[in-house]
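Since the model is a prediction, treat every value here as computed from it, not as a measurement. Residues take their numbers from the sequence shown, with the count starting at 1.
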Amino acid sequence: MNTNTNTLPARTEAYAEQVTDVEYDVPVDETPTTRCPYCDRPFRTERLATFHVGVRHPDECTEAERERFDEERDDEEFDLFTFHLKAAVSVFLVYFMFTFIYGLVWAG
């Protein structure tokens with residue numbers, strides 16, 4: 001048994017290394033647009049990096065980064081609302097169309 005309380009067993013150290021050392025595969029022919037200033041993770045767009053900083057590093061980010069994250073989140077919520085509205089209207093129109101066609105066929 002390990003009597004030194006300051007070190008972890010080899011198996012635990014290897015597991016901790018495996019969990020904390022995250023690797024990202026960036027294709028050879030592609031260069032990341034930006035990287036996270038806190039963990040150096042690569043991103044294709046500034047928007048993705050902004051979301052990452054706001055979600056993964058909320059205590060470390062600056063006030064400007066927090067404001068940019070809030071603005072992007074508001075834009076995302078509006079886009080999602082717009083998508084849901086379009087989807088609901090489309091379902092309603094398809095339902096109405098089938099009901100109308102069924103009524104014409106049944107009456108004829």
Side-chain angles (χ1 to χ4, degrees):
M1 182 168 185
N2 189 359
T3 58
N4 187 354
T5 58
N6 292 335
T7 61
L8 296 171
R11 192 171 22 173
T12 308
E13 285 179 3
Y15 179 71
E17 243 177 65
Q18 181 183 9
V19 170
T20 56
D21 291 340
V22 179
E23 294 182 19
Y24 303 99
D25 294 329
V26 177
V28 177
D29 60 338
E30 193 172 314
T31 305
T33 303
T34 186
R35 291 187 174 271
C36 174
Y38 304 105
C39 65
D40 202 39
R41 180 177 175 177
F43 292 97
R44 286 185 175 172
T45 65
E46 288 286 333
R47 187 176 193 196
L48 294 175
T50 301
F51 279 125
H52 168 79
V53 169
V55 172
R56 295 289 182 187
H57 309 288
D59 298 332
E60 301 167 341
C61 67
T62 64
E63 188 63 35
E65 290 171 334
R66 170 59 65 186
E67 288 177 9
R68 199 171 23 210
F69 169 71
D70 289 339
E71 289 173 8
E72 287 292 339
R73 187 182 59 206
D74 291 343
D75 291 345
E76 185 79 11
E77 287 176 357
F78 179 75
D79 292 344
L80 187 59
F81 171 77
T82 304
F83 170 75
H84 285 160
L85 185 62
K86 288 178 181 179
V89 168
S90 297
V91 168
F92 174 76
L93 289 176
V94 168
Y95 176 76
F96 177 75
M97 180 187 69
F98 280 126
T99 304
F100 185 73
I101 290 173
Y102 178 75
L104 286 177
V105 170
W106 190 60

- Of the non-hydrogen atoms in Pro58 and Cys61, which two are nearest, and what is the gap between them? O-SG, 3.5 Å
- Task: Any chance you could measure Asp79, atom CG, to Glu72, atom CD, to the nearest 0.5 Å?
- Result: 9.5 Å
- Message: Could you tell me if the side chain of Arg35 sits less than 4.5 Å from the side chain of Phe43, heavy atoms only?
- Response: no
- Item | Same apolar cluster: Val91 and Val94, side chain cutoff 4.5 Å | no
- Crowding at CZ, Arg66 (>12 non-hydrogen neighbours, <6.0 Å): yes
- Neighbour count above 12 (heavy atom, 6.0 Å) for Arg56 CZ: no
- Message: Under 4.0 Å between a side-chain nitrogen and a carboxylate oxygen: does that hold for Arg68 and Glu46?
- Response: no
- Item | Heavy-atom closest contact (Thr45 atom, Thr34 atom, distance) | O-CG2, 3.7 Å
- Across all chains, not counting sequence neighbours, the salt bridge (Lys or Arg N to Asp or Glu O under 4.0 Å) partners of Glu77 are none
- Message: I need the Thr62 OG1 to Glu67 CD distance, nearest 0.5 Å.
- Response: 8.5 Å
- Item | Parallel, tilted or perpendicular, as decided by the 30° and 60° cut-offs, for the rings of Phe78 and Phe81 | tilted
- Message: For the CZ atom of Arg41 and the CG atom of Leu48, what is their distance to the nearest 0.5 Å?
- Response: 9.0 Å
- Message: To the closest 0.5 Å, what do you measure between CG (Leu80) and CD (Glu76)?
- Response: 7.0 Å
- Just say parallel, tilted or perpendicular for the rings of His57 and Tyr38, cut-offs at 30° and 60°. tilted
- Item | Val105 with Phe98, same ILVMFWY side-chain cluster at under 4.5 Å | yes
- Taking ring-ring contact (aromatic ring centres under 6.0 Å, His included) as the test, write out the residues that go with Phe51, two or more places apart. none
